[in-house]
Peer 1: 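I have a structure here, written as structure tokens, and I will follow up with some questions on it.
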Amino acid sequence: MLRNYLKTAFRTLRRRTSYTLINGVGFTVGLICCILVLLFLRYEWRYDRFHENEEDVHRVLRDKRGNWWSTIPFPRYEEATAAEQRRLPRALAEQIPEIQAATNFFVGPHGEESPAYVVRGDQRFTENQLLYTTTGGSFFEVFTFDFLRGRRAEALRQPGTAVLTKSAAEQYFGATDVVGEVLTIERPGREREVEVTGVIEDVPPYSHFEFEVALHVNRIQNWGAFTYFRTQPETQVDGLAPRIESLMNEVRPARVEDPGLRAVLGGVRTQALTDIHLGPRMLYDPKPHRDPRYLWAFGAIGVLILLIVGINYTNLAVALSTERRHEIGVRKAMGSTRGQLSLQFLTEAMVLTLVCLPVVVVALEGLVPVFNRVMDTHVQFDLLRSPRLLAGMVGLALLVGGVAGSYPALILSRKGTVSLFEGSFDQDGGRRWSPRHALIGVQFVLLISLGSITWLVNSQLHYLQTKDLGFRTQGLVELAAVDSADTYRRLKTRLRDDPAVQAVGAGIGPGPGRFEVTYRAENSERVYSNGDVLNVTPGWFEALGITHPVVEKMQAAPGEGTARMLVNRAAVEALDYETAVGRSVVLEPEGAAPLRRTIDGVVDDFHFRPLYQRVQPTFLRVHPQVEDMSTLNVRAALISLDPQNLEEGLNRVRAAWADVRPDTPFPPQFVDDQLARLYEEEQRIGQMGMGLTVIALLLAALGLVGLSAYVVQRRTTEIGVRKALGASISDIVLRLNREFLILVGLAFVVASPLAYWIAQQWLASFAYRIDVPPLVFVGAGAGALVVSLAAASYQAWSTARISPADALRQE
Amino acid sequence: MIHTRNLTKAYRNGFSRTFVLRQVDLDIDEGEFVTIQGPSGAGKTTLLHILGLLDAPTDGSYEFMGEPVYEMSENRRTEIHRSQIGFVFQAYHLIDDLTVYENLETPLIYKGLSGPERESKVADMLDRFSLVAKQDLFPNQLSGGQQQLVGVARALIIEPTVILADEPTGNLQSQQSEEIMETMTRLNETDDVTIVQVTHSEKLARYGERIVELDDGWVEDDYQIDQPEAVKTGH
């Protein structure tokens with residue numbers, strides 16, 4: 001029986017070339033997109049699931065002033081002692097029986113920090129992925145990494161030991177057999193030797209933290225470390241949070257004793273390891289997280305593409321059934337049951353999808369690397385090593401074929417035998433409107449809504465790239481490796497008289513900068529926590545093209561006077577000052593040493609941070625010379641180059657840097673590029689989403705072209721009769737298009753609000769965004785209209801042109 | 001084997017009803033060769049479809065092989081199609097995508113026969129209708145007469161008790177027509193297959209032994225050809 005079905009299916013498909021081609025292309029492209037989306041979703045879903053019993057691993061977050069933070073207790077910012085840092089993880093493991101092991105770690109250097117180096121002999125490697133933990137071996141009890149060399153139980157047991165990944169070991173030593181070897185880790189002002197105690201497999205890219213070197217240190221230099229713990233299997237972790245909180249109070253009594261601190265603490269919660277990647281990115285989380293809304297969006301686009309492909313198939317198969325009605329009738333008269341007929345049509349659809357599969361595989365081999373490049377992912381497509389993937393793909397192909405084929409199978413097998421033999425056979429049962437029209441309507445809704453959403457996303461992305469930020473970015477270069485006043489001074493001296501360099505200033509460039517300071521107005525108790533502090537020299541303003549009388553005065557007398565304080569308009573507003581100049585602001589009012597500063601001037605708001613967020617209240621501390629800045633604040637130099645002479649200028653900066661710090665290879669970065677990187681995720685998702693959407697649009701258009709061809713073919717006799725009665729070609733084209741016109745109109749009414757709503761949801765995540773122009777929807781509607789009219793009209797026109805006699809003879 | 005009483009078929013057409021068959025009483029015994037004759041639109045094809053369980057009457061009763069048809073389940077009808085009734089169509093209705101061999105094999109597949117059984121039956125049939133040389137051709141590679149020969153072979157291959165033929169030679173030239181009709185007569189005579197054919201050709205009607213004349217849904221006449229005046233019914 002199956003053999004017979006298969007045979008019929010193959011022959012049917014071979015004989016009806018255009019039908020097979022349209023559906024084959026549809027299925028192929030649809031499967032490619034869908035599998036790509038599935039691979040991507042699987043990749044994202046697999047994040048952090050490679051650890052043993054990953055559901056038993058959690059981390060601790062604490063609420064301070066409504067924000068969730070990491071948990072290294074720090075009385076005064078970075079001043080927690082080694083013992084203080086160790087207390088919490090130790091207490092967790094010792095005093096809560098459900099907790100098997102606890103660890104803390106920090107991966108750095110982070111963001112705007114200076115780079116670190118791994119030194120072996122006379123070789124020096126920049127290394128941005130150093131993992132610091134004070135808990136030693138517990139780290140490997142909480143997280144699972146496979147040891148290639150050394151033993152897990154002995155790794156990282158003593159401070160001053162390290163574990164390398166395979167690729168790090170190969171980079172530094174050219175071998176993995178390096179247990180017992182010694183490396184030097186160098187960070188500004190600090191050097192230490194570490195002994196290698198193990199080599200592990202590389203950390204998979206689907207881990208929310210990656211590292212090349214894990215270091216057991218006495219003290220983590222950064223307070224942004226999170227505390228993680230592993231519970232006994234099947235522990236209800238919800239019940240642990242209050243106990244963890246009381247432990248934290250024990251470890252750090254100030255949490256209870258200090259009324260000021262108590263007032264801002266909001267409690268403790270735990271976050272499952274597997275929820276981290278798709279949750280909001282916390283301060284100091286090392287890698288970008290994925291907004292699950294984008295995953296939903298991708299999934300939705302994947303489903304929509306399959307829907308479109310399915311509708312195309314359904315429409316064409318039903319249209320084609322006119323041609324095959326006798327076959328169906330005969331089969332029924334010979335005793336085929338409805339089920340057998342359905343199965344035959346299903347087989348046909350499934351055969352088609354299976355035939356497409358090899359093409360899909362080949363295409364994916366080529367496309368997955370492209371996808372990874374665009375999305376910055378490491379999605380793998382390795383059929384040979386993953387039989388489950390192959391089985392999954394075959395299963396998906398069968399499912400798609402089955403679903404696409406089910407409607408035709410159902411309605412064709414249901415037809416009364418007699419009606420199949422009669423000349424007046426019409427798959428719509430003679431009704432003017434049928435489910436088929438609903439399906440085409442859905443296609444139009446998808447065309448219009450996807451089209452307009454794509455348009456809007458594109459506009460917003462363009463807006464992000466081109467909005468006037470309030471400072472000059474062209475020709476602006478940041479050197480982020482400046483780590484001391486001396487370095488800066490020498491660099492500046494080298495570049496001062498260079499004609500290709502316009503200005504040099506100390507201070508960081510624009511970026512994500514999620515570090516926030518607290519502040520309050522001089523005579524208010526209300527503390528705000530969204531402040532941004534920038535420590536700069538006057539040259540920084542010059543480089544950015546921001547002018548202010550206070551700065552100009554300082555530049556007129558270089559190096560003289562004291563540091564001044566400028567604030568932006570957002571700060572004035574937050575402080576609620578009518579005239580800000582002369583009044584003061586208290587920075588870090590709850591810290592050990594609150595700073596009271598008098599405001600010397602107000603600058604206009606400028607967008608130094610991503611456009612997701614409103615411009616932060618910003619406090620600019622302008623130092624007459626770099627030596628006045630604390631070492632901690634000397635982190636980068638901004639250099640503005642002559643826009644006419646960028647290449648030359650960049651070479652000068654490179655050469656100057658190589659002279660000043662030959663030991664620290666570090667490339668200068670164009671600020672434009674850095675800014676573009678802020679919206680990288682949006683750009684990536686936008687590009688990929690756009691690609692998929694365009695494919696969806698093309699598939700929908702393809703389906704409409706195919707369908708109209710069949711519809712017109714079916715009405716050839718009608719066209720012949722009408723022509724014989726004197727209808728002109730345009731009459732006929734119009735008549736054949738009327739159906740589509742009505743459908744596009746209805747679809748427009750449904751799709752516009754839908755698309756508007758979805759686009760609004762997305763745009764709401766940006767503080768600065770475009771207004772949605774209504775023209776977009778009209779444009780998308782018009783586009784859908786043009787596509788359908790073009791498709792139908794061409795067919796109608798070419799059919800209408802043939803002589804009535806020919807048209808009638810075909811019946 | 002076929003007994004109808006008061007068989008009526010009507011279509012609702014706006015507010016009025018259009019009758020296709022009116023109170024048809026028909027009794028056909030096993031082994032008969034009956035020709036249903038009448039002008040276009042007389043209801044011949046509809047009657048044949050109802051007799052072949054492809055269509056249901058609006059009113060009246062129909063017993064097939066002693067079984068009331070209106071009580072039959074869908075499955076029972078399918079079973080009868082598989083084993084009792086063979087259809088021959090005016091337009092042959094061979095399946096375009098299957099070869100001659102496969103067209104003959106298809107009803108046997110539905111009947112659930114095993115591969116070797118099918119093979120021997122198809123081989124028999126090809127032999128009997130001298131189609132062996134054509135077995136791997138597709139329908140569009142055959143002449144109309146050859147196609148209809150396949151059509152008849154296909155109807156016969158399930159060894160039905162009755163063959164229902166709707167204008168079996170309507171699309172054929174006269175010489176081919178005669179060949180087909182002679183084949184059918186031979187089947188009737190030697191294999192004792194009951195044959196009900198529909199035609200509007202006087203000449204072809206002579207091949208049967210009994211003629212039922214249909215006009216505007218009424219049975220106008222029902223007589224044996226040997227004694228054309230013997231049976232007369234009216235309304």
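Bear in mind the structure is a predicted one, so any value in this text is a computation, not a measurement. Each chain gets a letter, A, B and so on, in the order the sequences are listed, and its residues count up from 1.
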Peer 1: Go through the atoms of B:E79 and report whether side chain, backbone, both or neither lie under 4.5 Å from a heavy atom of chain A.
Peer 2: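 For B:E79, no heavy atom lies under 4.5 Å from chain A.
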Peer 1: Determine whether the aromatic ring centres of A:F27 and A:Y313 lie less than 6.0 Å apart.
Peer 2: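 Ring-ring flag for A:F27/A:Y313: true, centres closer than 6.0 Å.
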Peer 1: Identify which part of A:R338 has an atom lying under 4.5 Å from any heavy atom of chain B, answering side chain, backbone, both or neither.
Peer 2: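 Only the side chain of A:R338 comes within 4.5 Å of chain B.
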Peer 1: Could you go through the side-chain hydrogen bond (donor to acceptor under 3.5 Å, both in side chains) check for A:S342 and A:S413 one step at a time?
Peer 2: CA-CA 6 Å; A:S342 302; A:S413 65; 3.2 Å; yes
Peer 1: Does this structure show an ion pair linking B:D97 with A:R16, if we count only N-O contacts that are shorter than 4.0 Å?
Peer 2: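 Yes, B:D97 and A:R16 are salt-bridged.
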Peer 1: Under a 4.5 Å cutoff for heavy-atom pairs, which residue among A:R11, A:K7, A:K332 has the most contacts with chain B?
Peer 2: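 Most pairs with chain B among the choices: A:R11.
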Peer 1: Are the side chains of B:D25 and B:V219 in contact, using a 4.5 Å heavy-atom criterion?
Peer 2: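 When only atoms from C-beta onward are counted, B:D25 and B:V219 do not touch, as no gap falls below 4.5 Å.
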Peer 1: Is it the backbone or the side chain of B:R77 that comes under 4.5 Å from a heavy atom of chain A, or both, or neither?
Peer 2: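 Neither part; nothing is under 4.5 Å.
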